[in-house]
Novice: 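Below you will find the structure I want to go over with you.
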Amino acid sequence: MAVFTSVSLDDLQEWIKQFPVGQVSAVRGISSGIENSNFFITTDSGEFVLTIFENLGFEQLPFYLKLMKHLASRGVLVPDPVSNQHGDLVTALHGKPAAIVSKLEGSSQMSPLPVHCAEVGAMLAKMHLAASDFSIRQKNLRAAEWRHATVPEVLPFLDADRQRLLKAEVHFQDALEASPLYRSLPNGPVHADLFRNNVMFDGERLTGFFDFYFAGCDTWIFDVAVTVNDWCIDLESGALDEARTLALLNAYHSVRPFTEPESLVWQAMLRAGALRFWLSRLYDFYMPREAEILTPHDPGHFERILRLRETGPVPPLPYFSA
Ligand SMILES: Nc1ncnc2c1ncn2[C@@H]1O[C@H](COP(=O)(O)OP(=O)(O)OP(=O)(O)O)[C@@H](O)[C@H]1O
Ligand SMILES: N[C@@H](CCO)C(=O)O
């Protein structure tokens, strides 16, 4: 992440006493990511990740942290949040909400093969099933309402062709979401940002999903689409790689079979996933926040993906090929 808020070892000595992790001996800012301020911290009981939330408030955060606890307790590989002496998972640091979670082993697999995509697909299905009895419901904060608030902010920066594309896609997704077909899609808590940089691998073994701070309740097939749009593409062109796509979908399907309504909206959901990230990247690009280190993401990447998913074809869900 970009370090928006600075934290020194001195800042942490007192603050850390509320957690059962002993004393802190080192703190190191992490320079990837664009949403929060993240630090690796070393304590008497091991290594943890400290996150200071730059955009999320105290009222939204328990959903993410408790969801991670819920998933961890059901064997889904995710960072386990640490409670303080009062049982709180979120407490203030420099006036902002902050949390400590366990550090996952491994590193991101940025050049995935079908074998990695299969691991991701199977764990994603396991995560959807395990989250389905999670009691807190919080909507996806990057869904329709956000879309409608954000589009007018970025439109003035776009040329006529891009304005047309953006408005037409929003119209298409709004119409789909109003349909009975859409309402029949299975849903529940989803990750909603499961990109290559949010999963750890040790060789071919998946060691965890992380960065749940865009999670929310949405359709499961939207989550699959967001994941496929990143894990199963050629990064240059945005085109889907058939072997990786089928590996991910088949592995998911073997844990939680896709339904017929999901197969009917599959291509539309790939478009919805592309729209979501094109729009957030446009917003971040034209309205950047202050940061000590900032790595902007290219909006053009998701514009290309959106255009490709509109024209298709896309590999079908296993439901049809079975
Ligand atoms: N629990 C964890 N275990 C190990 N490493 C972690 C963990 N959480 C975060 N990291 C490391 O910190 C980096 C940034 O974290 P993260 O992706 O959550 O930041 P972010 O600002 O929310 O980023 P973005 O939203 O752009 O993906 C990751 O790429 C990873 O290297
Ligand atoms: N995954 C997002 C960044 C926010 O996590 C993107 O690539 O635009």
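For reference, positions follow the sequence shown, starting with 1. All ligand and atom numbering here is 1-based and tracks the order in the structure.
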Novice: With atoms numbered from 1 as shown, which atoms in ligand 2 lie under 4.0 angstrom from a non-hydrogen atom of F277?
Specialist: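 So the answer, numbered in order with elements, is 1 (N), 2 (C), 6 (C), 8 (O).
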Novice: With atoms numbered from 1 as shown, which atoms in ligand 1 lie under 4.0 angstrom from a non-hydrogen atom of K103?
Specialist: 3 (N), 4 (C)
Novice: For S237 and L308, which heavy atoms make the closest approach, and how far apart are they?
Specialist: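 The pair with the smallest heavy-atom distance is O-CD1, 3.2 Å.
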Novice: Which option out of V101, N55, T207, L104 puts a heavy atom nearest to atom 4 (C) of ligand 1?
Specialist: L104
Novice: If we ignore hydrogens and angles and just use 3.5 Å, is the side chain of N198 paired with the main-chain N or O of D193 as donor and acceptor?
Specialist: yes
Novice: Measuring from the heavy atoms of M200, does anything fall under 4.0 Å of ligand 1?
Specialist: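 Within the 4.0 Å threshold, so yes.
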Novice: Does Y213 reach ligand 2, in the sense of a heavy atom lying below 4.0 Å from it?
Specialist: no
Novice: F210 heavy atoms, cut-off 4.0 Å: which ligand 1 atoms fall inside?
Specialist: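 Every atom of ligand 1 under 4.0 Å from some heavy atom of F210: 7 (C), 8 (N), 9 (C), 10 (N), 17 (O), 28 (C), 30 (C).
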Novice: Ligand 1 versus S108, non-hydrogen atoms closer than 4.0 Å: side chain, backbone, both, neither?
Specialist: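 Neither part.
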Novice: Considering only heavy atoms of P79, which atoms of ligand 1 have at least one such atom less than 4.0 Å away?
Specialist: 1 (N)
Novice: Examine the proximity of ligand 1 to Y213 and report which part, side chain or backbone, both or neither, has a heavy atom under 4.0 Å away.
Specialist: neither
Novice: What part of F302, side chain from CB on, backbone N/CA/C/O, both or neither, has a heavy atom under 4.0 Å from ligand 2?
Specialist: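 No part of F302 comes within reach of ligand 2.
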Novice: Under 4.5 Å side-chain heavy-atom separation, chaining through any Ile, Leu, Val, Met, Phe, Trp or Tyr, what else clusters with F172? Say none if it is isolated.
Specialist: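 Besides F172, the hydrophobic cluster comprises nothing; the residue is isolated.
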Novice: Just jot down the side-chain contact (heavy atoms from CB on, under 4.5 Å) partners of V199, sequence neighbours excluded, or say none.
Specialist: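 With sequence neighbours excluded, V199 shows a side-chain contact (heavy atoms from CB on, under 4.5 Å) to V120, L194, F201, L206, F209, W231, given in chain and number order.
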Novice: Determine yes or no for a side-chain-to-main-chain donor-acceptor pair under 3.5 angstrom, with N250 supplying the side chain and L246 the backbone.
Specialist: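 It does hold such a pair.
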Novice: Polar-atom distance check: D193 versus ligand 2, any N or O pair below 3.5 Å?
Specialist: yes
Novice: Are Y252 and H128, when compared by the centres of their aromatic rings, separated by less than 6.0 Å?
Specialist: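 Under 6.0 Å, so yes.
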Novice: Considering both backbone and side-chain atoms of R281, is one of its nitrogen or oxygen atoms within less than 3.5 Å of a nitrogen or oxygen in ligand 2?
Specialist: yes
Novice: Does F40 reach ligand 1, in the sense of a heavy atom lying below 4.0 Å from it?
Specialist: yes
Novice: Got a donor-acceptor contact below 3.5 angstrom from the D202 side chain to the G106 backbone?
Specialist: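 The answer is no, because no donor-acceptor pair under 3.5 Å joins these two groups.
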Novice: From the options N197, D284, D211, select the one whose nearest heavy atom is closest to atom 20 (P) of ligand 1.
Specialist: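 Checking each option, the heavy atom nearest atom 20 (P) of ligand 1 is found in D211.
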Novice: For the rings on F134 and F63, is their centre-to-centre separation under 6.0 Å?
Specialist: yes
Novice: Give a yes or no answer on whether the side chain of S102 reaches the backbone of D80 with a donor-acceptor pair at less than 3.5 Å.
Specialist: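 A pair under 3.5 Å: yes.
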Novice: Among I30, N38, N198, L50, which one puts a heavy atom closest to atom 15 (O) of ligand 1?
Specialist: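 Nearest option to atom 15 (O) of ligand 1, by heavy atoms: N38.
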Novice: Report yes if the distance between the aromatic ring centroids of F19 and F48 is under 6.0 Å, otherwise no.
Specialist: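 So the answer is no for these two rings.
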